[in-house]
Amino acid sequence: MSSGCRICGGKLHEFLDMGKQPSANGFIDPAETSDEFQFRLALGTCVGCGMVQLVEEVPQERRYHENYRYHASGSVLHRRHFENEAGRLLGAELNGSDPFIVEIGCNDGVLLSTVAEAGIRHLGVDPSTNVVELARSRGVRAVTEFFDAGLGESLRDEHGHADVIFGANTICHIAHIDSLFRGVDALLAPSGVFVFEEPYLGTVLDHKAFDQIYDEHVFYFGVASVAAMAERFGFELVDVERTPLHGGEIRYTLARRGARSVRDSVGALLAEEQAAGITDPGTWRRFGLEIDNIREELTRLLRRLSSEGRRVVGYGAPGKTSTVTNYCGIDSDLLPFVCDSTRSKQGLLIPGSHIPVLPPEAFSNPYPDYALMFAWNHADEIMAKESEFTASGGHWIRYVPEVRID
Ligand code: TMP
Ligand code: ZN
């Protein structure tokens, strides 16, 4: 399936192989653990356009369906962030008397619910029925579809042009990105903006956040590679801003070529990327060695604690937990369970490593000696909520950017 770059057709230079892995959000029923789906989790850079991407991919129907387990409204941090983002778009980007906002990958309506409350015409597009139903229950208009060229055209015919097309943690999941851009081209108003906020390659590198690498993240965007992608499809990257979710993302603003002036932020981040050698093969070879070290240290620590009779459990079952446990070979002998507040994940097993997911109440019943923090991007919120754990002598274990006991 490694047939070259999904954007320009260039050759992929593979630099990281994390072995056979399942689909990270493919939580499984304890009764159905045989014949589990696997693919080779490997990353490469395109020698033509510089985009870092998966070498092999998991079909999108296997990733997004009627039981998509990730609910974007699951944290206070996320809800506040998207309320602010909706407010910013409503304040700055709407034109005419009847503006229109489209969100690709609206999930449970975490952003569009604010747009709906403001009485602004909008439409969410998401392939997962269960999250679309949650969005509708919050007053959001949404359709269950994959966004592509055909859908962009039919939405324009039905609703007219959009002032804003938005995506958060979605655009980097879409392998058919050429078709997506044709759809955006059809739907977006001449003066409109295509805004998306996605995990940042620079953050993966700086935080050694190898657990951001999993099947749903088909592309690993950087400023240089997004600028090249925009240009290829007739757009221009006019603004970039660092945003705090998922450990540090970037919000990209694209406009039609020549429609807006390019902000200084773009040049500034491009210069930072060059200085960090973000596309140098040597940088990623070092990254591979560093994450090998993390794997060794973490598994050594867990084995030692286990041999000393300490109880260790995991906290949080984001997609990241699948990558870490499967890459490091952590199973339910080393980590009897992880707890997570998402109801639809509870009672199921982490894909591949088959560690049970229990409700947060299991955490305090009784508290373990150590807790491995998988949802590290929500650490402040979780540690505040679980302050009794540390007060009673418990310790948090972190593994990025290094293995550390707090
Ligand atoms: P994310 O890193 O992809 O946003 O996923 C975070 C996961 O952590 C999600 O499955 C929900 C879970 N979680 C908790 O279990 N408790 C919490 O307090 C928070 C904020 C998240
Ligand atoms: Zn390419």
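Source: prediction; values computed, not measured. Order of listing sets the numbers, starting from 1, for every ligand and every atom in it.
- Closest to atom 1 (P) of ligand 1, if we only count protein heavy atoms, is H378 NE2, 3.6 Å.
- Heavy-atom separations between K320 and ligand 1 include at least one value shorter than 4.0 Å.
- Each of the following atoms of ligand 1 lies closer than 4.0 Å to a heavy atom of S75: 20 (C).
- Between Y327 and F210, the ring centre distance stays below 6.0 Å.
- With respect to D239 and R263, a salt bridge is recorded, a charged nitrogen being found less than 4.0 Å from a carboxylate O.
- The aromatic ring centres of F194 and F181 sit less than 6.0 Å apart.
- Close contacts of ligand 1 with H78, meaning ligand atoms under 4.0 Å from a residue heavy atom, involve 4 (O).
- Heavy-atom distances between R69 and ligand 1 stay at or above 4.0 Å for every pair.
- Aromatic rings of Y200 and F221 (six-membered ring for Trp) have centroids beyond the 6.0 Å cut-off, not under it.
- For atom 17 (C) of ligand 1, the closest heavy atom belonging to the protein is K385 NZ, 3.4 Å.
- Between H161 and F100, a ring centre-to-centre spacing not shorter than 6.0 Å is recorded.
- At the Zn ion (ligand 2), the vertex angle linking SG of C46 with SG of C5 is 110° (nearest 10 degrees).
- Proximity of E198 to Y220: side-chain heavy atoms (C-beta onward) are nowhere separated by under 4.5 Å.
- Atoms of ligand 1 lying under 4.0 Å from at least one heavy atom of A375, given by number and element, are 8 (O).
- Taking only nitrogen or oxygen atoms, main chain and side chain alike, Y70 reaches within less than 3.5 Å of ligand 1.
- For D215 and S23, the side-chain atoms include at least one donor-acceptor pair closer than 3.5 Å.
- Looking at atom 5 (O) of ligand 1, its nearest protein heavy atom turns out to be P318 CB, 3.4 Å.
- When only interatomic distances are considered, the shortest N/O to N/O separation between S341 and ligand 1 falls below 3.5 Å.
- The nearest non-hydrogen atom to atom 11 (C) of ligand 1, considering only L77, D211, D340, comes from D340.
- Using a 4.5 Å heavy-atom cutoff, the side chains of L254 and V193 are not in contact.
- Any N or O atom pair closer than 3.5 Å counts here, and Y315 shares no such pair with ligand 1.
- Ring-centre distance between W396 and Y370: not below the 6.0 Å cut-off.
- Those atoms of ligand 1 that come under 4.0 Å of a heavy atom in T342, given as number and element, are 9 (C), 10 (O), 11 (C).
- At a heavy-atom distance under 4.0 Å, no atom of F374 approaches ligand 1.
- Atom numbering of ligand 1 starts at 1 in the shown order; those under 4.0 Å from a heavy atom of E381 are 20 (C).
- Between the side chains of Y64 and H173, at least one donor-acceptor pair of N or O atoms lies under 3.5 Å.
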